[in-house]
Amino acid sequence: MPNINELIGGLDFLDGVGTAGVLAYVGAYLALQLGVVKGDVYIFPSVNLAASLAVLFSLTGDFNPFSVTIEICWSVISVIGITRIYIIHRFVRLTEEEAEVARRIVPSLKKDSARRLLKLGRFTDADEGTILTEQGKSVVDVAMIMGGLCHIERNGKHIASISVGALVGELTLATGAPSTATVRCVVPSRLFLISRNVLWGFLQRNPEAMADMERSIAGDLRLKLTDTSTRLSSALGDGSTLSN
Ligand SMILES: Nc1ncnc2c1ncn2[C@@H]1O[C@@H]2COP(=O)(O)O[C@H]2[C@H]1O
């Protein structure tokens, strides 16, 4: 049985290139599975392209039609991937408002995916008095406030105010449960609206967007809770406490 030195010694230049190609393939795939690289950044298709060309080159010494076919397909698919990423970087543009929404709710989404999400919703100017959600009723549209001011009302009482950057309807996004408050625009407001069902469907099909959205909601909740707790403690400023 040949030992390792004899095996390595028996490799010629083409074998060496082929081996490097195989290692690159396996390394890229392992990195993808470990989450070290993503499939939609340049590095993954580039390494795959280099690997397929290396293996293709090594096959010139030992022709095999099936291996050559798969390597050519791999090279072509890698070039398609690289071209797609280039087109997204170079040509997909978001308007300022679109970019603001994308940064706020899905900051790590690629521009083309963010654009797909944004196309599912709409920007609108809401008049003073517009009601965005009604306490106890299911939320129809989740909103992001781009400009203006809204009041949060519980049982007809104003309990908090939200403005630019705040989300509306996020608390019941996942469950579709009755909304926890009535939200009313108290000045003309600029909004981004997206149907709750449509948004939820998109998030379920896009785990990366779901993770982003969960982070955005967590950040939003932190601000809202802090604000509400501050209001509550100043309302109880006379030293009284809430009884249960
Ligand atoms: N205390 C609060 N501060 C800020 N916003 C709130 C508060 N309570 C409810 N909301 C918002 O009002 C929305 C009503 O619908 P949701 O319960 O889905 O999500 C809720 C939040 O977006």
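Ligands are counted one by one from 1 in listed order, and the atoms in each one are counted from 1 as well.
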V68 and Y25: same hydrophobic cluster, using ILVMFWY side-chain contacts below 4.5 Å? yes
Kindly indicate, with the supporting measurements, whether the criterion salt bridge (charged side-chain N to carboxylate O under 4.0 Å, His left out) is fulfilled by R103 and E98. CA-CA 9 Å; R103 264 197 309 276; E98 288 174 335; over 6 Å; no
Which protein heavy atom lies closest to atom 5 (N) of ligand 1, and at what distance to 0.1 Å? K224 CD, 3.4 Å
May I ask you to identify the nearest protein heavy atom to atom 15 (O) of ligand 1, giving residue, atom name and distance to one decimal place in Å? S179 CB, 3.2 Å
Give the numbers and elements of all ligand 1 atoms closer than 4.0 Å to a heavy atom of V139. 15 (O), 18 (O)
Please enumerate all residues that pass side chain to side chain donor-acceptor pair (under 3.5 Å) together with R196, with sequence neighbours excluded. none
Could you check whether R231 and T228, counting side-chain N and O atoms only, form a donor-acceptor pair closer than 3.5 Å? no
Taking only non-hydrogen atoms of A160 and a 4.0 Å limit, the atoms of ligand 1 in range are 3 (N)
Any donor-acceptor N or O pair under 3.5 Å, side chains S78, N48: no
What residue and atom, counting heavy atoms only, is the protein's closest point to atom 22 (O) of ligand 1, and at what distance? E170 OE1, 2.6 Å
Which atoms of ligand 1 sit under 4.0 Å from any heavy atom of L167? 22 (O)
Return the residue, atom name and 0.1 Å-rounded distance of the protein heavy atom closest to atom 3 (N) of ligand 1. T228 OG1, 3.6 Å
Take R122 and D141, measure what salt bridge (charged side-chain N to carboxylate O under 4.0 Å, His left out) needs, and give me the verdict at the end. CA-CA 10 Å; R122 62 203 184 277; D141 288 325; 2.8 Å; yes
Of all protein heavy atoms, the one nearest atom 9 (C) of ligand 1 is T180 OG1, 3.4 Å
Heavy-atom count around D62 CG within 6.0 Å, excluding the residue itself: above 12? no
Which bit of L225 is near ligand 1, meaning a heavy atom under 4.0 Å away: side chain, backbone, both or neither? neither
Which ligand 1 atoms, with their elements, are less than 4.0 angstrom from a heavy-atom of V168? 22 (O)
Enumerate the atoms of ligand 1 whose separation from the nearest heavy atom of V183 is less than 4.0 angstrom. 12 (O), 13 (C)
Would you give the length of the straight line joining atom CG of L167 to atom CD1 of I162, rounded to the nearest 0.5 angstrom? 8.5 Å
Looking only at distances, please establish whether an N/O atom of ligand 1 is found under 3.5 Å from an N/O atom of G169. yes
Starting from F202, can I reach V198 by hopping between I/L/V/M/F/W/Y residues whose side chains sit under 4.5 Å apart? yes
How close does the nearest protein non-hydrogen atom get to atom 18 (O) of ligand 1, and which residue and atom is it? T172 OG1, 2.5 Å
To check your reading of the model: name the closest protein heavy atom to atom 10 (N) of ligand 1, its residue, and the distance in Å. I152 CG2, 3.9 Å
